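Encoded as structure tokens, the structure appears first; notes follow it.
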Amino acid sequence: MKVIHKSYKFKIAPDNEQKKLLVKHFGACRFVFNRYLNNRKETQLEEKKSLNYYDNANDLTLLKKEEQFVWLKEINSQSLQSSLRNLDTSYNNFFRKQTEFPRFKNKFDRQSFTVPQSVYIEDGKLQIPKFKKGIEINVHREIEGKLLFATISKSTTGIYYVSITCEVEHIPFEKTNSKIGIDTGIKDLAILSDGKVYENIKTLKTNLKKLKYEQRQLSKKTKGSNSRLKQKSKLATVYEKVTNIRKDYLHKVSTEIIKNHDVICIEDLAVKNMMKNHKLAQAFSDVSLGAFYTMLRYKANWNNKTVVKIDRFFPSSKTCSNCNYINQDLTLKDREWTCQSCNTVHNRDFNASIN
């Protein structure tokens, strides 16, 4: 048994009154995040002083006592504090060079807020602070473990969700004593050194015609009009479909790989740098290698498996897996090549996965 944190995502169906209260929570948490992000930036520039979570939390307590900000008292105070913690994490991660600088939140993007405690489900309803009646929830699978916290969100398509994070006792997959090398790419998602290939289903490319049509329709609408808002929702629905199909496929592939192998060797790809190549950016976005690697890592951790990163400068495609000869003339368009030393014919990706 291994204790892990696992999230369960369900649709919720708030009534009109609850929707208004949710809008207030989304807006207040967004306001707190943006206000104190701006506060930190100004303090850093003007006073050469760095603020932390406790500075912001103390100021927020005073802010709620001011007449013009009394509306903040309608919001779950723990959700506002959680917004400050998220800001603090984002800010610190930037200075650790792990992420980009935090951006101001926009009311037209996906909306969300976190409920850190006092979350439970009773009689088919989600119970959280400030929502006395409870919100109807579609629990389509059993929730295991101890409920820790919940994140309420509203997608750009107008659908409400709750993601409930639980502390779960997980039974790891059985050991297989198998080691595998994986070469990833655009043509195929993953080529395994045992010969198995997982294709790139190209969800974005498949739906590109539909996306372009909806985007053209959006560009014809008058800014600020209701028809533009409706069209924006149509476009967001197509994007959401693409994302969900891709995510489902990546989960299935990553789970199968982790279940069947104990040691998984992957490339240490600079995905962000690859996205800067305007000729390949869309294709890399479609295959979503960053998300795939993230899934492999956390699922390996859950199941006591090992993911090994290979140096990104190691010439895995150029090196002959039979005699270690390095073909310096190999280019990206060469899908097959013959070793000049031992005359072995290599498939570029399969050869890389073996190495």
Side-chain angles (χ1 to χ4, degrees), residues 7-31 33-34 37 79 83 86 90 99-100 102-115 126 135-138 140 150-164 200-252 271-272 275 278 281-292 294-295:
S7 294
Y8 300 87
K9 191 173 183 178
F10 305 110
K11 282 186 180 181
I12 55 174
D15 59 29
N16 290 333
E17 186 180 333
Q18 290 170 337
K19 284 180 181 178
K20 290 178 183 178
L21 186 52
L22 284 173
V23 168
K24 289 182 180 180
H25 274 72
F26 293 140
C29 290
R30 186 175 63 247
F31 166 78
F33 186 96
N34 290 345
L37 172 56
S79 294
S83 190
N86 291 340
S90 300
T99 59
E100 295 180 356
R103 294 185 300 174
F104 291 103
K105 294 186 180 293
N106 189 315
K107 69 178 181 179
F108 298 108
D109 294 334
R110 173 183 173 274
Q111 304 296 304
S112 67
F113 69 91
T114 301
V115 185
L126 174 70
I135 307 171
E136 285 191 23
I137 181 172
N138 178 22
H140 58 267
T151 299
I152 313 293
S153 61
K154 180 186 178 184
S155 71
T156 50
T157 57
I159 301 174
Y160 294 87
Y161 296 96
V162 59
S163 181
I164 301 173
N200 175 12
I201 57 173
K202 299 178 182 176
T203 49
L204 180 61
K205 189 175 181 180
T206 305
N207 291 275
L208 200 56
K209 189 175 180 180
K210 175 69 173 173
L211 284 168
K212 285 181 177 179
Y213 171 77
E214 298 295 357
Q215 187 66 59
R216 284 198 304 271
Q217 295 304 307
L218 180 65
S219 66
K220 295 175 184 177
K221 307 297 182 185
T222 305
K223 287 187 177 181
S225 65
N226 286 332
S227 61
R228 182 178 172 83
L229 289 174
K230 288 179 183 178
Q231 184 58 38
K232 194 173 182 181
S233 179
K234 282 185 181 180
L235 179 62
T237 301
V238 182
Y239 272 115
E240 192 174 78
K241 177 186 174 183
V242 169
T243 302
N244 289 342
I245 293 172
R246 183 193 295 128
K247 191 182 292 184
D248 178 67
Y249 181 65
L250 292 178
H251 272 299
K252 287 175 179 175
V271 178
K272 284 186 179 180
M275 292 295 289
H278 69 279
Q282 188 181 88
F284 275 118
S285 173
D286 201 1
V287 72
S288 199
L289 291 178
F292 180 56
T294 299
M295 290 177 187

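All values derive from a computational prediction rather than experimental measurement.
Of the inter-residue distances, the one linking Leu235 atom CG with Lys212 atom NZ reads 13.5 Å to the nearest 0.5 angstrom. A distance of 9.5 Å separates CG of Leu218 from CG of Leu229, quoted to the nearest 0.5 Å. Going from atom CG of Asn207 over to atom CG of Asp286 covers 9.0 Å, rounded to the nearest 0.5 Å. A distance of 6.5 Å separates OG1 of Thr237 from CD of Glu240, quoted to the nearest 0.5 Å. Separation of atoms CD1 (Ile152) and OH (Tyr160) is listed at 11.5 Å; rounding is to 0.5 Å. Between atom OH of residue Tyr249 and atom CD1 of residue Ile245 there is a gap of 13.0 Å, rounded to the nearest 0.5 Å.
Taking both residues in full, the closest heavy atoms of Thr156 and Ala236 are given as OG1-CB, 3.3 Å, listed atom of the first, atom of the second, then distance. Nearest heavy atoms, Phe26 versus Ser153: CZ-C, 4.1 Å. Of all the heavy atoms in Asn86 and Thr114, the pair that sits closest is ND2-OG1, 4.4 Å. Of all heavy-atom pairs spanning Thr151 and Ser112, the tightest one is CG2-CB, 4.2 Å. A pairwise comparison of heavy atoms in Ala150 and Val162 identifies CB-CG2, 3.9 Å as the closest pair. For the residue pair Leu37 and Pro102, the shortest heavy atom distance occurs at CD2-O, 3.7 Å.
Sorted by first and then second residue, the pairs that involve residues 10-25 and meet salt bridge (charged side-chain N to carboxylate O under 4.0 Å, His left out), not counting sequence neighbours, are Asp15-Lys133, Lys24-Glu74. Counting only residues at least two apart or on different chains, the side chain to side chain donor-acceptor pair (under 3.5 Å) pairs with a member in residues 215-226 are Ser225-Ser227.
Checked by atom type and distance alone, the side chain of Glu214 never pairs as donor or acceptor with a backbone atom of Gln231 at under 3.5 Å. Looking only at distances, no side-chain donor or acceptor of Asn34 sits under 3.5 Å from a matching main-chain atom of Phe104.
Taking 4.5 Å as the limit, some side-chain heavy atom of Leu204 sits within range of a side-chain heavy atom of Leu211.
The side chain to side chain donor-acceptor pair (under 3.5 Å) test with Gln111 is passed by exactly one of His25, Lys154, Arg30: Arg30.
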From CA spacing to verdict: side chain to side chain contact (heavy atoms under 4.5 Å, CB included), Phe113, Leu22: CA-CA 9 Å; Phe113 69 91; Leu22 284 173; 3.8 Å; yes
Evaluation steps, side chain to side chain contact (heavy atoms under 4.5 Å, CB included), between Ile12 and Gln18: CA-CA 11 Å; Ile12 55 174; Gln18 290 170 337; over 6 Å; no
